[in-house]
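Note sheet for the following structure.
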Amino acid sequence: MTMRIAFNKAPVIETTIHYLTRVLNGRLAGDGAFTAQCSSWMETRFDAARVLLTTSGSHALDMTAHLCGVQPGDEVIMASYTFSSTANAFAGLGAKIVFVDIRPDTMNIDESLIEEAITARTKVIVPMHYAGVACEMDTITEIARRHGLLVVEDAAQGVMSTYKGRALGTIGDYGCYSFHETKNYSMGEGGALLIRDPSAIPKAEVIREKGTNRSRFFRGEIDKYSWVDWGSSYLPSEINAAYLWSQLEVADEINHIRLARWQQYYEALLPLERDGLIALPSIPKDCIHNAHMFYLKVANENVQSALINHLKKAGIAAVFHYVPLHSSEAGRKFGRFHGEDRYTTTESSRLIRMPMFYSLSSQEVMEVVASIYDYFENERN
Ligand SMILES: *Cc1c(COP(=O)(O)O)cnc(C)c1O
């Protein structure tokens, strides 16, 4: 069934077609002019030592597992309420995933539960910033420092968000962005790896360039390149980079529009929250978010599917989100849950994501809101 109001539409900017045409008439392989423009724009804007465009957010995460030197038997701490890629990166190198519970207010990892999950084998903490709202990074980096652990931010959803004024993805040792078509800025498929410590840059470049030092060769630092370490092909085509560049040039405008739509949902739905029918997202005071997602929570799983169906009948695509990893087949194989699952399962089964994208009109937001009111009014009668 095609929906009258889609869940997501990737942005198309006026310049997109021009830039794509330019690429098709020139260099298509990666690390050309558009890739360089995207990387340096992000390095400046987000204040990162180096930003490397990648073929996906998942691949950026995979790279960080190699950069952290993860070995079989190491443990990696993360929330169970996340995408499979957050865990895959580390499970692929033989690490055990240790899941801890989330905070119900942000759906992010509960920072107060991390320390008790640490063992002698723990190597990395992976905060994932759900909906582009930051995890409590001061606490997390302080725990990591005290225990000698690395921090990898899964900031796939957090492009343009900040925590205490710092861009998400630049606070931990490594950060990962996704430019999948469902994210705020799109390459179709794509992502980026953000590196904080300049000394980690050469190894990351080698991993991204099939294990060779070709990046140094292109900069004229060496006169031939060779195979120096393990690597794969993690650099995206210029086609993807050109599409991304058309959006980064107007990143503030895209962000502004999304935030306006988010705010409109929020204000229009406040009365339902006051009536105790729904819960709205909360943004901690140190966080500036990017309106990656507008979600609300209903009473329970039954209301969740009933409301999604109600919206679907009205031609509106609203969706649930993650099945917690620890309760999935691979999650049981690669991980274990530490402590009590107080919120992960219950909160995830209450959550519904509403349509949210750059070209979503304010009129369409009002239609979605009206349909939500409609549902609760029918319920009352
Ligand atoms: C989208 C996403 C990813 C994966 O990004 P891809 O670019 O699709 O590989 C990883 N983690 C989280 C939390 C995501 O939302």
Side-chain angles (χ1 to χ4, degrees), residues 7-8 10-11 30 38 42 51-65 76-92 97 99-100 102-103 106-109 124-135 137 140 151-161 163 168-169 171-172 174-194 208 232-237 239-241 243-244 247 258 281 289-295 319-326 328 330-331 334-335 344 348 351 353 356-357:
F7 176 68
N8 174 254
C38 291
M42 287 191 275
V51 177
L52 297 172
L53 273 198
T54 59
T55 33
S56 68
S58 304
H59 280 165
L61 284 160
D62 289 351
M63 289 178 69
T64 68
V76 176
I77 297 173
M78 65 183 65
S80 167
Y81 188 68
T82 186
F83 192 52
S84 59
S85 298
T86 323
N88 269 327
F90 301 93
I97 311 300
F99 299 113
V100 301
I102 53 168
R103 298 164 38 151
T106 56
M107 304 297 283
N108 282 335
I109 190 166
V124 191
I125 306 171
V126 191
M128 186 279 272
H129 307 294
Y130 189 66
V133 178
C135 296
M137 291 307 290
I140 293 170
V151 175
V152 172
E153 294 177 75
D154 182 342
Q157 303 173 9
V159 181
M160 297 286 278
S161 294
Y163 170 82
L168 300 193
I171 303 163
Y174 302 103
C176 302
Y177 287 164
S178 170
F179 299 116
H180 184 262
E181 77 161 315
T182 53
K183 301 304 200 293
N184 294 24
Y185 306 91
S186 165
M187 295 166 74
E189 299 279 359
L193 170 67
L194 290 85
R208 181 170 169 271
S232 188
S233 184
Y234 291 125
L235 67 156
S237 160
I239 299 174
N240 302 45
Y243 177 33
L244 179 63
Q247 298 155 68
R258 294 186 73 110
H289 72 115
N290 60 355
H292 170 60
M293 192 187 298
F294 189 87
Y295 68 80
V319 294
F320 55 84
H321 213 179
Y322 307 126
V323 173
L325 297 184
H326 75 283
S328 64
F334 294 117
T344 303
S348 60
L351 185 143
R353 297 184 291 157
M356 173 55 82
F357 49 91

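Only a predicted model underlies this, so the values are computations on that prediction, with no experimental measurement involved. Note that ligands are numbered from 1 as they come in the structure, with each ligand's atoms numbered from 1 the same way.
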Show which atoms of ligand 1 fall inside a sub-4.0 Å distance from at least one heavy-atom site of [X].
{"X": "G190", "result": "7 (O)"}
{"X": "Y322", "result": "13 (C), 15 (O)"}
{"X": "S56", "result": "7 (O), 9 (O)"}
{"X": "A156", "result": "2 (C), 3 (C), 10 (C), 11 (N), 12 (C), 14 (C), 15 (O)"}
{"X": "S178", "result": "1 (C), 5 (O), 6 (P), 7 (O), 8 (O)"}

Please indicate whether any nitrogen or oxygen in F179 is less than 3.5 Å from any nitrogen or oxygen in ligand 1.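 It does not: no N or O of F179 is found under 3.5 Å from an N or O of ligand 1.
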Could you say whether the N/O atoms of S85 and ligand 1 ever approach to under 3.5 Å?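 No; every N/O pair is 3.5 Å or more apart.
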For atom 10 (C) of ligand 1, the option (of D154, D62, T182) bearing the nearest heavy atom: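 Among D154, D62, T182, the closest heavy atom to atom 10 (C) of ligand 1 belongs to D154.
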Report the member of E189, H59, K183, H180 with the shortest heavy-atom distance to atom 1 (C) of ligand 1.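 Minimum heavy-atom distance to atom 1 (C) of ligand 1 goes to K183.
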Atom SG of C38 and atom CG of L52: how far apart are they, to the nearest 0.5 Å?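 Rounded to the nearest 0.5 Å, the SG-CG separation comes out at 12.5 Å.
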Side chain [X], main chain [Y], donor-acceptor under 3.5 Å:
{"X": "E153", "Y": "L168", "result": "no"}
{"X": "T54", "Y": "G191", "result": "yes"}
{"X": "N184", "Y": "N290", "result": "yes"}

Quick one: nearest non-hydrogen protein atom to atom 3 (C) of ligand 1, plus distance?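 Minimum-distance protein heavy atom for atom 3 (C) of ligand 1 reads F83 CD2, 3.6 Å.
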Which residue in the set F83, F7, Y130 passes ring pair (Phe, Tyr, Trp, His ring centres under 6.0 Å) when paired with H321?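 Among F83, F7, Y130, the one that satisfies the ring pair (Phe, Tyr, Trp, His ring centres under 6.0 Å) with H321 is Y130.
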Backbone, side chain, both or neither: what part of Y81 comes under 4.0 angstrom of ligand 1, heavy atoms only?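 Contact part for Y81 vs ligand 1: neither.
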Counting only heavy atoms closer than 4.0 Å, does ligand 1 sit against the backbone of S58, its side chain, both, or neither?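 The answer is both, backbone and side chain.
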Are H292 and H129 packed together at the side-chain level, in the sense that at least one heavy-atom pair is separated by less than 4.5 angstrom?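 H292 does not reach H129 side chain to side chain.
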In the structure I gave you, are the side-chain heavy atoms of R353 and F320 within less than 4.5 Å of one another anywhere?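 In short, these two side chains do not touch, never coming nearer than 4.5 Å.
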Check ring-ring contact (aromatic ring centres under 6.0 Å, His included) between H180 and all other residues, then give those that pass, not counting sequence neighbours.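 Scan of H180 (ring-ring contact (aromatic ring centres under 6.0 Å, His included), adjacent residues dropped) gives none.
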Taking a cutoff of less than 4.0 Å between a non-hydrogen atom of the residue and any ligand atom, is A60 in contact with ligand 1?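 No, that is not the case, since the closest heavy atom of the residue is not under 4.0 Å from the ligand.
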